[in-house]
Amino acid sequence: MTTAASQPVPRIARIGLWGAPQSGKTTFLAALQIAIVSQSNGGDWTIAGATSAASDFLSFNTSLMNRHHTFPSATTGVQELRWRFVSPAPPGRFWRRWLNRTDLPGQTVFEVELFDVSGGMFASVPNSSTSLAQMSVFAEEDGLDAFDDEPDEQNSNDQLLEHLARCDGLVYLFDPVRERSSQDAYDFFQRTLEQLTSRSYEMGRLRDGKLPHHLAVCVTKFDDPTVFRKAHHCGVALTGNDRAMTPKVPENLAGEFFRKLCSDRDAGSAALVHGSIERYFSSRRVGYFVSSSIGFYVGASGVFQKRDFSNVETTPSGEARIRGQVLPINVLEPFLWLEEQIRQSVPLP
Ligand SMILES: Nc1nc2c(ncn2[C@@H]2O[C@H](COP(=O)(O)OP(=O)(O)OP(=O)(O)O)[C@@H](O)[C@H]2O)c(=O)[nH]1
Ligand SMILES: [Mg+2]
């Protein structure tokens, strides 16, 4: 019998999640289990909590979204989560190259550790009442002591930054819906970016004068009518090859869509986010995705209808609720892409 102690140590990458308040970070994480279960294209991943808190997060949020049609609440405090992704011998395109490289014969494993963090720590003006969720995949030796002692805000800020600076990959959520409102994504981008660059330099991790991180830029809330219509008008929303024919923006068009969103007249300071990504990250290490944690509404016809696809409804008390089934789009994929990039790159200090 194989005991936990005799299991080979899973391969670990370090990944951080970054995004403005209300950009959908917690919902993105909450949709992971449903994304895993509804994998198409030959993917065969499973996800399981490595701690009881992580298991509880998955089961609670899956039920919250799927059964009760409710979005997770805005993040308060710090929540630490640890998940294990496991795939059997790889049939999909992501896995073929891994077969001979995994230290777990017949399966691929990676572990993910998450911190969902509240507060204005990453706002351009510290101490605002905003929050940032962080997702991290730590090397075991990194330890997770950073949040154990409930440090004061400055310490938390430093430790979160330290953690981001040590990450190999980042998932950045760009919310075009929020970007149209009064708060700009750049307000929650520039300070962290500057500090991240400074810390990475001190750690000797800059590469060719750029940040060393692989960056998955995810345009979120694709299901939102304003976002979908923009994608449609740009000609990047193609009919999916699934049974419901749900629209998808293929990876090779997602960057073009992001650039278009950032250069729109109503894009606020998003152009600065785009410019900063080009300036601070190597283009070879940036990938783009157009995502939705909840997906499009698909009614009784079982097929996407252009006249009735909004999957969010508002209750009489003004609360946003999920209208139909949760069908995540490009939620798992950014992590798999990052994992592949990290595995293929030369390890950093
Ligand atoms: N249409 C649509 N709305 C979404 C989606 N994901 C999240 N939302 C909306 O965005 C709101 C904020 O989502 P959260 O996941 O709480 O965002 P967050 O980034 O974790 O927010 P903080 O914890 O406050 O930083 C939700 O309450 C929903 O109204 C999505 O996939 N589609
Ligand atoms: Mg949150």
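Hydrogens, waters and symmetry mates are skipped; everything else that's a heavy atom, side chains included, is used. Please read all numbers here as calculations on a predicted model, not as lab measurements. Atoms within a ligand are numbered from 1 in the order they appear, just like the ligands themselves.
Using modelled atom types, one finds a donor on one side chain and an acceptor on the other under 3.5 Å when comparing Ser292 with Asp223. A donor and an acceptor atom, one from each side chain of Thr246 and Asp242, are located under 3.5 Å apart.
Ligand 1 places these atoms under 4.0 Å from at least one heavy atom of Val312: 1 (N). Each of the atoms 19 (O) of ligand 1 lies under 4.0 Å from some heavy atom of Ala20.
Here the shortest heavy-atom distance to atom 2 (C) of ligand 1, taken over Thr75, Asp223, Thr226, Asp224, belongs to Asp223. When the heavy atoms of Phe228, Phe71, Phe222 are ranked by distance to atom 28 (C) of ligand 1, first place goes to Phe71.
The 12-atom threshold is not exceeded at CZ of Arg284, counting heavy atoms of other residues, nucleotides or ligands nearer than 6.0 Å.
Aromatic ring centres of Phe304 and Phe228: separated by under 6.0 Å.
A heavy-atom separation below 4.0 Å is found between Ser292 and ligand 1.
Salt bridge status for Arg166 with Glu162: present, with a side-chain N to carboxylate O gap under 4.0 Å.
Residue Phe110 is tested with Trp83, Trp45, Phe335 for a ring pair (Phe, Tyr, Trp, His ring centres under 6.0 Å); the sole match is Trp45.
In terms of polar-atom proximity, defined here as any N/O pair under 3.5 Å, Ala74 makes no such contact with ligand 1.
Using a cut-off of 2.8 Å, one finds that Thr26 contributes an N/O/S atom close to the Mg ion (ligand 2). Among the atoms of Thr75, an N, O or S atom is found under 2.8 Å from the Mg ion (ligand 2).
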